[in-house]
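I have a structure here, written as structure tokens, and I will follow up with some questions on it.
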There are 2 protein chains.
Amino acid sequence: MGRDISIDPMPRSLTLKDIARHAGVSRATVSLVIRNSPRVAKETRSRVQSSIAALGYVYDRAAANLRSRTTHTIGLVVCEITNPFYAELTAGIDEVLDRAGFVAFLANTAESPERQDRFISRMREHKVDGLLLSPAEGTDPSIVDDMHRLGLPVVEMLRHLGGKNADHVGVDFRLGMTLAAEHLIRLGHKRIAFVGGGRRASPSRDRAAAYRQTLARYGLAAGPVIDCMPTREEGARAVGRLLEGDRPTAVLCYNDICAFGVMLGLADRGLTPGRDMAVIGFDNIAEAALYRPALTTVAVGGRLIGQEAANLLLRRIKAPDGAPEMIVMPPKLIVRSSCGARPNHH
Amino acid sequence: MGRDISIDPMPRSLTLKDIARHAGVSRATVSLVIRNSPRVAKETRSRVQSSIAALGYVYDRAAANLRSRTTHTIGLVVCEITNPFYAELTAGIDEVLDRAGFVAFLANTAESPERQDRFISRMREHKVDGLLLSPAEGTDPSIVDDMHRLGLPVVEMLRHLGGKNADHVGVDFRLGMTLAAEHLIRLGHKRIAFVGGGRRASPSRDRAAAYRQTLARYGLAAGPVIDCMPTREEGARAVGRLLEGDRPTAVLCYNDICAFGVMLGLADRGLTPGRDMAVIGFDNIAEAALYRPALTTVAVGGRLIGQEAANLLLRRIKAPDGAPEMIVMPPKLIVRSSCGARPNHH
DNA sequence: TTGCTTTGTTGGATCGATCTAACGGCTCCC
DNA sequence: GGGAGCCGTTAGATCGATCCAACAAAGCAA
């Protein structure tokens, strides 16, 4: 809540009253002009507008907020802004909000639920109109319902906490992983491993489940499955365990970062990804096309998801009691060279 | 009218007055408790605090802002959030602001001065206490001075617009480029090219200048210099012109993204970076260590710069009339394998 | 006892906007 | 002629906090 120190106030600035006096009208009229009300006479409007321009008036949205109970402000809580996928997501959100005249408070939780709680309550203090949340690993699933009960619209992005009346924009991770697995199966692979399925969040569970189901559907045994956090380091380390015993010929990875780690680990052991072992990632971050061998991966379009989420939140703010929406974006398989097939160019 | 048993969908939000009544004190006292004033009796304080907890009160910072003329809010205007370097910068800023109880409005200008102007005026309307600005390409240099005159503290990050009373946190790009060039010269290179110097912003000018000066200092002729935007695509395309005529043996690049493009372009022509041509980047983004060959580059520590900038802005907000500070962070050369030398492990 | 500080608390004014109800002046229509 | 309706405008109340001057109670000195 409160901080201990108070900061020197800024110099007094112009108010509606000053404009009103200058233009010879009332404060209320100036207010109507600023808000583009149609109920103001043309002549009055232009007189007021030139007064505004002449005096260099700056609208005080903070003051307006107090009375109108709406801030044109949303809270953007991101689990890891330094992950390029979430940076894209953020850029997409920013675009949409900009067009709608909204501004976002940014909070980077760095996957810490404590930071996340602190940020959310700070944003409630700032009276944001809504919240865009990509929940940190280990988030208490009840918070979305809590916020909903307190009248604060929330749109979950990607990870789904399981509340029933929750707005959500996500990706059909199962479909994505299924496409990737089927591609490997079509190429003739029989032993297909999975790296990075150890997390409890929904994207992780979905991908691992789709991996198992698809293999089962084609009569193949699953495994080995190596749990690890999605970092390059852990991905590289996972390769050690991957090569123990009956060696797989292909690896599906939880995400691209993970896949980079695996390719790195393979290279360090003298194996060439795409030739000695097929590798497929997930997310299609910018580096995927750049890497050599270029990474076959599943594209989910971070920017697009951000745009969808921002639009959904704006709709929800306008209609708080509308039916919850769950938007699921279909992913695409982007075939490059890390899986040993010839790249297609769609 | 008016006798129905209507259940409020959203309970009216609590105010200081409600807490005051519940705790049997005045509004002013509750306010003092919230702001940790020492002038409240211990017993009163704890009584008020338990009332706050019991009723689930949420402090309304927006209302407080109006009276106190300070919002504990800053504007963060970033030129391209999807560039991993700026994502790191943002994460560093977020850390510092969090600890100080500030929140940032995020704006991603995507290098558009028009978007930037719009964002800045929107933030002025929201009465931010200060601005962290990494100016978009082509920003009108006068805006920093304008904001200063209007009483809004601004800290420039990285690019320097040239105003005299401007706070600025940057990197000694000249030193960084000098270190890189001297490293290549020590390795025996005589024809050293430069790719990506075409932009007008200060980081670009500084790097290109240091390149020329260092070569001159060692009696070497500069060139070829290929102008291009810092994208992978343009970097790759630049390789074509690089190989025309008298072929250089080493390339200094404007930044890592550019260097990745160059390496890609070399590989596409059957040349191996680090063996057939030395390549050095700039920024040390996360992918630099990951790429093969791993990229030799100059590290400037985006996160650290963000932290310094945020701290400087907080100082400036506390003391608006203090002397302007220019903080220059020294970069380090990170030797990996793309320049053909054995990596050191410092 | 009186006079002076210190400590803790308070009611009322205030920040700069929006909201509400009402106003004067006008037209329309029976 | 007068009631109804519309239009552009307005004064005053209001949002939920902070600031300020005043004040009661307690402590201390003379």
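To find a chain, count down the sequence lines: A is the first, B the second, and so on, and within it residues start at 1.
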Check your understanding: Quick one: B:Arg61 CZ to D:dC15 C1', roughly how many Å, whole number?
Key ->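 Roughly 18 Å, once rounded to whole Å.
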Check your understanding: In whole angstrom, what separates B:Arg27's CZ from C:dT14's P?
Key -> 14 Å
Review point. Where each residue is assigned the nucleotide of DNA chain D containing its nearest heavy atom, which of A:Val25 and B:Leu32 is assigned the position nearer the 5′ end?
Key: A:Val25
Review point. A:Arg35 near the nucleic acid: base, sugar-phosphate alone, or nothing, with a heavy-atom cut-off under 4.0 Å?
Key: sugar-phosphate
Check your understanding: In whole Å, what is the span from the CZ atom of A:Arg21 to the P atom of D:dT9?
Key -> 19 Å
Exercise for review: Please determine, for the side chain of A:Val40, which listed nucleotide (D:dC19, D:dT9, C:dG12) has the closest atom?
Suggested key: D:dT9
Review point. Where the side chain of A:Ala41 is defined as all heavy atoms beyond and including C-beta, which of D:dT9, D:dA17, C:dC19 is the nearest nucleotide?
Key: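 Given the options D:dT9, D:dA17, C:dC19, the side chain of A:Ala41 is closest to D:dT9.
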Review point. Going from CZ on B:Arg61 to NZ on A:Lys127, what distance comes out if it is rounded to the nearest 0.5 angstrom?
Key: 11.0 Å
Review point. Which of the following nucleotides, C:dT9, C:dT10, D:dG16, is nearest to the side chain of A:Arg69?
Key: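 Nearest nucleotide to the side chain: D:dG16.
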Review point. Between A:Thr70 and A:Asp129, is any side-chain donor less than 3.5 angstrom from a side-chain acceptor?
Key: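 Result is yes, a qualifying pair exists.
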**Study point:** Base D:dT14 to side chain A:Arg67, donor-acceptor N/O within 3.5 Å cut-off
**Key:** yes
Exercise for review: Take the protein atom CG of A:Leu16 and the nucleotide atom P of D:dG12, then report the distance between them rounded to whole Å.
Suggested key: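 These atoms are roughly 17 Å apart.
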Practice item. Measure the distance from CD on B:Glu43 to P on C:dT9 and round it to the nearest whole Å. Key: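 B:Glu43 atom CD is separated from C:dT9 atom P by 9 Å.
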Review point. Reckon B:Thr29 touches a base, only the sugar-phosphate, or nothing at all at heavy-atom distances under 4.0 Å?
Key: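 Base: the residue B:Thr29, judged by heavy atoms under 4.0 Å, touches a nucleobase.
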Exercise for review: Rounded to the nearest angstrom, tell me the gap between atom CG in A:Asn65 and atom C1' in D:dT14.
Suggested key: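 So the two atoms are 15 Å apart, to the nearest Å.
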Review point. How do B:Ala63 and B:Arg45 order along DNA chain C: which one's closest nucleotide is nearer the 5' end?
Key: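 Checking each residue's closest nucleotide, the 5'-ward one belongs to B:Arg45.
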Check your understanding: Between D:dG16 and B:Thr15, is there an OP1 or OP2 to side-chain N/O distance shorter than 4.0 Å?
Key ->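 No, outside the criterion.
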Point to revise | Side-chain touch A:Phe102/A:Asp94, heavy atoms, less than 4.5 angstrom | key: no
Exercise for review: Measure up the B:His160 and B:His168 rings against each other and bin them: parallel (under 30°), tilted (30 to 60°), perpendicular (over 60°).
Suggested key: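 Rings of B:His160 and B:His168: tilted, 30 to 60°.
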Check your understanding: Among C:dA13, C:dA17, D:dA11, which nucleotide sits nearest the side chain of A:Ser26?
Key -> D:dA11
Practice item. Please check the phosphate of D:dA17 (OP1 and OP2 only) for any side-chain N or O of B:Tyr57 closer than 4.0 Å. Key: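 Yes.
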Practice item. Looking only at side-chain atoms of A:Tyr59, point me to the closest of D:dG16, C:dA13, C:dA17. Key: C:dA17
Review point. Tell me: CZ of B:Arg47 to P of C:dT9, nearest whole Å?
Key: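 Going from B:Arg47 (CZ) to C:dT9 (P), I get 8 Å.
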**Study point:** Flag for B:Thr109-B:Ser112: side-chain donor and acceptor within less than 3.5 Å
**Key:**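 There is no such pair between these side chains.
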Check your understanding: Among D:dC15, D:dT9, C:dG12, which is the nearest nucleotide to the side chain of A:Thr44?
Key ->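 Out of D:dC15, D:dT9, C:dG12, the nucleotide with an atom closest to A:Thr44's side chain is D:dT9.
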**Study point:** Side chain proximity check, A:Ile19 to A:Arg27, heavy atoms < 4.5 angstrom
**Key:**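 Not touching, per the 4.5 Å side-chain cut-off.
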Check your understanding: For A:His126 and D:dA17, what is the distance between atoms NE2 and P respectively, to the nearest whole Å?
Key ->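 Value for this atom pair: 14 Å.
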